[in-house]
Amino acid sequence: MQNAPIASLMPVYKRVDLTFSHGEGSWLVDTAGRRWLDFASGIAVTGLGHGHPHLVRTLQDQAARLWHVSNLWRIEPLERLADRLVAHSFADTVFVGNSGTEMIEGCIKLARRFHWAAGRPERYRIVTFEGAFHGRTMGAISAAGSAKLTEGCAPLLEGFDHVPFGDHEALHRAIGPETAAILIEPIQGEGGIRVVPPQCLEGLRALCDAHDLLLIFDEVQCGLGRTGKLFAHEWSNARPDVMALAKGLGGGFPIGAILATARAASGMTAGSHGSTFGGNPLACAVANAVLDVMLADGFLADVARKGELLRARLSALAEAHPAVIAEVRGKGLLAGIRTLPSNADVAAALREEGLLTVAAADNVLRLLPPLTITEEEIGLATAAIDAACRRLAAA
Ligand SMILES: *Cc1c(COP(=O)(O)O)cnc(C)c1O
């Protein structure tokens with residue numbers, strides 16, 4: 001399974017030479033008929049697994065009725081989705097788009113327009129954190145700021161102040177008369193499953209209140225049930241003013257959302273923002289179906305319980321294989337192991353055992369099973385990791 005460049009595709013991805021024909025729950029089946037246990041979930045997207053009957057039926061029904069009309073008219077599935085996101089969050093108001101990076105762009109505009117509308121146009125800068133990932137548009141790469149993302153793309157969008165992860169003094173120093181907002185992932189995903197402790201999120205809330213800044217949470221990866229709460233920040237007492245969602249929201253259908261308080265969204269007046277595809281009936285119908293499942297009694301508690309089980313098993317494996325697993329990270333089913341061999345080598349060894357994972361920064365491998373994973377499947381995954389660790393340790 002070497003990387004396979006495809007002549008007709010821009011080589012921006014290093015692809016593994018594996019093609020899947022279909023999926024069933026926690027499993028993917030490749031074109032040769034081999035079954036793979038999917039602990040990648042399309043990078044925390046297919047949170048309800050593959051081929052979930054309620055999602056499939058919803059998409060088919062909606063496809064037969066109405067695909068697209070535009071926000072020039074009212075859209076029933078969009079209004080229902082917005083009402084439900086408001087009912088189950090800190091937010092008063094929602095904008096729906098198509099992807100995580102597009103939502104981050106919207107958050108940047110929202111933060112700038114909030115201060116502009118309040119007569120403080122000089123406040124446009126946003127504090128962000130090293131190791132962050134916010135997407136691939138110019139605004140999102142400028143926000144994250146790492147050379148890996150921004151190389152060759154200059155000039156970047158101006159107005160971001162990057163502070164080291166966990167450096168409270170640098171954070172305080174970065175706030176000045178031009179600061180508009182703080183943007184943070186409650187759990188860094190691409191950055192290596194780095195959890196921001198609840199008291200730090202609460203500290204950020206207090207800091208934003210003291211300086212009249214907007215607190216923006218990027219929950220594109222950690223949100224939507226992944227940690228065992230609907231939103232990751234709900235493990236703390238901190239509530240943001242604004243939040244970006246995407247990945248898990250559509251269960252595999254592209255959709256993103258910005259949630260905000262009415263006050264934070266006060267600059268988002270008619271004509272100030274938009275999206276041709278945003279809020280389309282297909283995406284919103286599927287997102288509503290995702291919420292039907294996630295909001296059902298006991299679903300999120302079960303995710304939290306399975307997350308504890310997975311992490312306990314991973315901790316035992318780290319003790320058994322100290323030459324391979326250095327550290328276990330995460331919350332709920334957003335789990336990561338920092339490996340001592342290169343994470344790419346460990347991922348390849350896991351593939352030989354039939355387990356699919358995703359690499360992250362900091363030499364971390366992410367374990368992102370569908371939230372519908374069974375205990376038995378968690379057992380299969382940890383047995384596969386055990387077997388791979390044995391082989392790696394013996395090599
Ligand atoms: C994936 C991701 C994004 C970007 O989402 P896209 O849908 O790929 O544009 C933004 N923020 C975080 C935290 C992400 O994990």
Side-chain angles (χ1 to χ4, degrees), residues 10 12-13 40-47 95-111 126-146 148-150 153 157 160 162 165 181-196 201 204 215-227 230-233 240 242-259 275 277-280 283 286-287 290 329-336 357-362 364-368 371:
M10 284 189 203
V12 295
Y13 278 98
S41 295
I43 319 186
V45 169
T46 49
F95 176 83
V96 174
N98 308 285
S99 70
T101 201
E102 183 196 343
M103 297 304 93
I104 293 296
E105 288 291 323
C107 289
I108 296 167
K109 284 177 65 176
L110 178 151
I126 300 179
V127 175
T128 60
F129 295 84
E130 281 173 13
F133 181 79
H134 298 298
R136 297 291 197 159
T137 54
M138 288 303 300
I141 64 173
S142 303
S146 73
K148 190 174 165 236
L149 293 168
T150 59
C153 298
L157 181 64
F160 296 96
H162 309 104
F165 189 83
I182 296 176
L183 167 63
I184 189 168
E185 297 157 84
I187 302 176
Q188 283 192 351
E190 306 300 312
I193 311 294
R194 296 201 292 178
V195 180
V196 180
L201 293 180
L204 287 173
L215 180 58
I216 307 172
F217 286 162
D218 180 347
E219 292 222 15
V220 168
Q221 186 156 163
C222 62
L224 272 307
R226 199 39 53 206
T227 65
L230 193 56
F231 306 117
H233 69 261
V242 186
M243 177 168 67
L245 298 175
K247 291 195 167 85
L249 181 57
F253 200 96
I255 182 170
I258 301 171
L259 279 61
S275 167
F277 293 126
N280 71 80
V286 178
V290 168
R329 296 178 178 178
K331 186 86 192 156
L333 292 174
L334 184 62
T357 58
V358 201
D362 224 8
V364 163
L365 264 196
R366 276 173 284 180
L367 303 169
L368 308 170
L371 309 183

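Order of appearance sets the numbers: ligands from 1, and atoms from 1 within every ligand. Basis for what follows: all heavy atoms, side chains included, without hydrogens, waters or symmetry-related copies.
Proximity to S99 (heavy-atom distance under 4.0 Å) selects the following atoms of ligand 1: 7 (O), 9 (O). Distances below 4.0 Å separate heavy atoms of D218 from the following atoms of ligand 1: 10 (C), 11 (N), 12 (C), 13 (C). Of all the atoms in ligand 1, the ones that sit under 4.0 Å from a non-hydrogen atom of T101 are 4 (C), 5 (O), 6 (P), 9 (O). Taking a cut-off of under 4.0 Å to the non-hydrogen atoms of G100, the atoms of ligand 1 that pass are 4 (C), 5 (O), 6 (P), 7 (O), 9 (O). Residue Q221 approaches ligand 1 through these ligand atoms, each under 4.0 Å from one of its heavy atoms: 15 (O).
At a heavy-atom distance under 4.0 Å, no atom of A246 approaches ligand 1. Using a 4.0 Å cut-off between heavy atoms, K247 contacts ligand 1 through its side chain alone, with no backbone atom that close. With a 4.0 Å cut-off on non-hydrogen atoms, E185 touches ligand 1 through its side chain and not its backbone.
Residues satisfying the side-chain contact (heavy atoms from CB on, under 4.5 Å) test with V358, not counting sequence neighbours, are A40, I43, R366, L368.
The OG1 atom of T128 sits 11.0 Å away from atom CG of D218, with the distance rounded to the nearest 0.5 Å. Note that OG of S142 and CD1 of I126 are 10.5 Å apart. Values are rounded to the nearest 0.5 Å. Expressed to the nearest 0.5 Å, how far NZ of K331 lies from SG of C222 amounts to 12.5 Å.
The nearest protein heavy atom to atom 6 (P) of ligand 1 is closer than 4.0 Å.
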Would L230 and L224 satisfy side chain to side chain contact (heavy atoms under 4.5 Å, CB included), going step by step from the backbone distance to the final call?
-> CA-CA 5 Å; L230 193 56; L224 272 307; 4.3 Å; yes

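Between the side chains of E190 and Q221, a donor-acceptor pair is found at a separation under 3.5 Å.
The neighbour count for F165 CZ, taken as heavy atoms of other residues, nucleotides or ligands under 6.0 Å away, is above 12.
The N/O atoms of I104, backbone and side chain alike, include none that comes under 3.5 Å of an N/O atom in ligand 1.
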